[in-house]
> 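Could you have a look at this structure, given as structure tokens, before my questions?
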Amino acid sequence: MKPEKRMNLWLELAVIFISVLCLMMLVYLVIVLSFQSGDKSASETMSIAVRVAQSIYDAPTDVEVTAVSLMLRYFAHITLFFVVGLVTTFVSMVIFRRYFRILGVLMSGGACYILAYYTEYYKQYIDGRHFQMTDVKLNWLGSIAGIACMLVSYFMNKILVFLNPHKKSDNLY
């Protein structure tokens with residue numbers, strides 16, 4: 001085996017290992033955040049909501065603080081699962097190649113849905129927490145957005161590579 005190919009193989013294995021490790025850490029974060037007690041989760045959300053409401057309103061009412069809290073919760077669900085969808089799709093696209101990449105993207109979508117549903121489902125067994133289908137939908141929406149963003153990025157890269165007619169040696173200034 002040529003040294004250049006051996007180096008590329010080690011680099012590829014390193015990228016796969018680091019990608020899978022990052023994905024595992026992200027899933028761990030999702031699980032830790034999902035399985036907090038109801039009191040802790042509510043107090044953290046409300047403390048942030050109060051600070052945000054105070055920066056928006058001069059003297060926020062309870063209704064305004066509750067509305068800000070709800071928007072923060074929705075934003076947190078969508079953002080966290082956007083990152084999950086993005087990273088899961090990236091990992092699947094690194095591991096699966098050529099025509100199997102489609103299978104990898106479908107598997108990452110399935111994994112995101114399972115994570116989105118079951119993190120909410122198991123909340124009903126935690127004190128002070130409960131299952132909400134709205135949160136499942138928000139999680140899934142964030143995951144779909146992350147998957148779509150990664151796919152658009154992948155295809156834009158393919159188009160730019162295809163449209164670039166110059167080789168490295170021809171591109172001198």
Side-chain angles (χ1 to χ4, degrees), residues 1-36 40-41 44-45 48 71-123 125-126 129 131-173:
M1 184 178 251
K2 293 181 181 178
E4 182 179 308
K5 286 190 176 186
R6 189 176 307 140
M7 183 63 177
N8 287 343
L9 177 66
W10 282 109
L11 183 62
E12 186 175 324
L13 289 174
V15 168
I16 290 171
F17 176 75
I18 291 169
S19 300
V20 170
L21 186 65
C22 289
L23 178 61
M24 289 172 37
M25 290 173 25
L26 183 61
V27 169
Y28 176 75
L29 174 70
V30 169
I31 290 171
V32 165
L33 290 174
S34 295
F35 294 152
Q36 286 181 338
K40 183 176 181 181
S41 177
E44 287 177 2
T45 303
I48 295 170
M71 291 300 116
L72 284 174
R73 267 192 46 238
Y74 287 176
F75 179 76
H77 279 278
I78 291 173
T79 303
L80 183 62
F81 276 87
F82 174 83
V83 174
V84 168
L86 195 75
V87 172
T88 305
T89 307
F90 176 78
V91 169
S92 75
M93 292 176 88
V94 166
I95 293 173
F96 294 100
R97 300 298 169 97
R98 305 218 184 266
Y99 299 109
F100 295 111
R101 203 166 260 153
I102 296 167
L103 177 65
V105 170
L106 292 174
M107 287 173 53
S108 68
C112 286
Y113 182 76
I114 288 169
L115 188 64
Y117 183 82
Y118 282 105
T119 54
E120 290 300 321
Y121 176 78
Y122 285 111
K123 283 182 183 178
Y125 301 110
I126 299 172
R129 304 292 294 265
F131 175 83
Q132 288 186 326
M133 195 61 186
T134 305
D135 290 348
V136 173
K137 291 176 185 174
L138 290 171
N139 294 348
W140 182 232
L141 179 66
S143 294
I144 291 295
I147 292 168
C149 185
M150 182 54 70
L151 288 175
V152 167
S153 170
Y154 172 76
F155 285 117
M156 289 298 292
N157 183 42
K158 287 289 189 186
I159 290 170
L160 290 174
V161 167
F162 177 75
L163 292 177
N164 186 4
H166 303 290
K167 295 180 181 177
K168 288 183 180 179
S169 61
D170 296 336
N171 194 3
L172 292 176
Y173 286 103

> Using side-chain heavy atoms (C-beta onward) and a distance below 4.5 Å, is Val105 in contact with Tyr154?
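A side-chain contact is absent here, since even the closest heavy-atom pair is not under 4.5 Å.
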> Once rounded to the nearest 0.5 Å, what's the spacing between atom NZ of Lys137 and atom CD of Glu120?
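Taking NZ in Lys137 and CD in Glu120, the distance rounds to 12.5 Å.
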> Would you mind reporting whether Asn139 and Leu115 have side-chain heavy atoms less than 4.5 Å apart?
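The answer is no; the side chains never approach within 4.5 Å.
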> At what distance, to the nearest 0.5 angstrom, does CZ of Arg97 lie from CD of Glu12?
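Taking CZ in Arg97 and CD in Glu12, the distance rounds to 4.0 Å.
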> Please, which pairs that meet side chain to side chain donor-acceptor pair (under 3.5 Å) have at least one residue in residues 16-27, sequence neighbours excluded?
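Not a single pair qualifies under side chain to side chain donor-acceptor pair (under 3.5 Å).
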> Tell me, do Tyr74 and Thr134 make a side-chain contact under 4.5 Å, heavy atoms counted?
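Tyr74 reaches Thr134 side chain to side chain.
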> Could you tell me if the side chain of Phe131 sits less than 4.5 Å from the side chain of Val136, heavy atoms only?
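Answer yes - side chains close enough.
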> How long is the span from the OH atom in Tyr113 to the CD1 atom in Ile144, to the nearest 0.5 Å?
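Taking OH in Tyr113 and CD1 in Ile144, the distance rounds to 11.0 Å.
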> Kindly state each residue pair satisfying ring pair (Phe, Tyr, Trp, His ring centres under 6.0 Å) with at least one member in residues 13-35, sequence neighbours excluded.
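Pairs touching residues 13-35 that pass the test: none.
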> Minimum heavy-atom separation for Trp140 and Ala116, please, with both atom names.
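Where Trp140 meets Ala116 most closely, the heavy atoms are N-CB, 4.0 Å.
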> Is the backbone of Thr89 close enough, under 3.5 Å, to the side chain of Ser92 for a donor and an acceptor to pair up by distance?
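Indeed, once roles are kept as given, a pair shorter than 3.5 Å links the two residues.
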> Minimum heavy-atom separation for Gly146 to Phe82, with atom names?
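Shortest heavy-atom separation between Gly146 and Phe82 comes out as N-CD1, 3.3 Å.
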> Quick one: side-chain hydrogen bond (donor to acceptor under 3.5 Å, both in side chains) partners of Tyr125, sequence neighbours excluded?
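side-chain hydrogen bond (donor to acceptor under 3.5 Å, both in side chains) list for Tyr125, sorted by chain: Tyr121.
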> Can you name the closest pair of heavy atoms from Arg129 and Leu33 and give their distance?
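Looking at all heavy atoms of both residues, the closest pair is NH1-O, 3.8 Å.
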> Please give me the minimum heavy-atom distance between Leu26 and Val84, naming the atom from each residue.
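Distance-wise, the nearest heavy atoms are CD2-CA, 3.6 Å.
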> Once you round to the nearest 0.5 Å, how far does CE of Met133 lie from CG of Leu138?
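Output value for this atom pair is 11.0 Å.
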> How far does CZ of Phe100 sit from CD1 of Ile102, to the nearest 0.5 angstrom?
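Atom-to-atom, Phe100:CZ and Ile102:CD1 are 10.5 Å apart.
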> Start with the C-alpha gap between Met93 and Leu151, add the side-chain angles, then the distance that decides, and say whether side chain to side chain contact (heavy atoms under 4.5 Å, CB included) holds.
CA-CA 9 Å; Met93 292 176 88; Leu151 288 175; 4.3 Å; yes
> Quick one: pull up CG in Leu72 and CD in Glu44 and give me the separation to the nearest 0.5 Å.
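Nearest 0.5 Å value for the CG-CD distance: 12.5 Å.
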> Identify the two heavy atoms, one from Ile147 and one from Gly85, that lie closest to each other, and give their separation to 0.1 Å.
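That would be CG1-O, 3.8 Å.
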> Hey, does Leu23 have a side-chain heavy atom less than 4.5 Å from the side chain of Phe90?
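No; the side chains remain at least 4.5 Å from each other.
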> Would you say Ile126 and Gln36 make side-chain contact, with heavy atoms under 4.5 Å?
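In short, these two side chains do not touch, never coming nearer than 4.5 Å.
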> Does any part of the side chain of Asp135, heavy atoms only, come nearer than 4.5 Å to the side chain of Arg73, both counted from C-beta?
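They are in side-chain contact.
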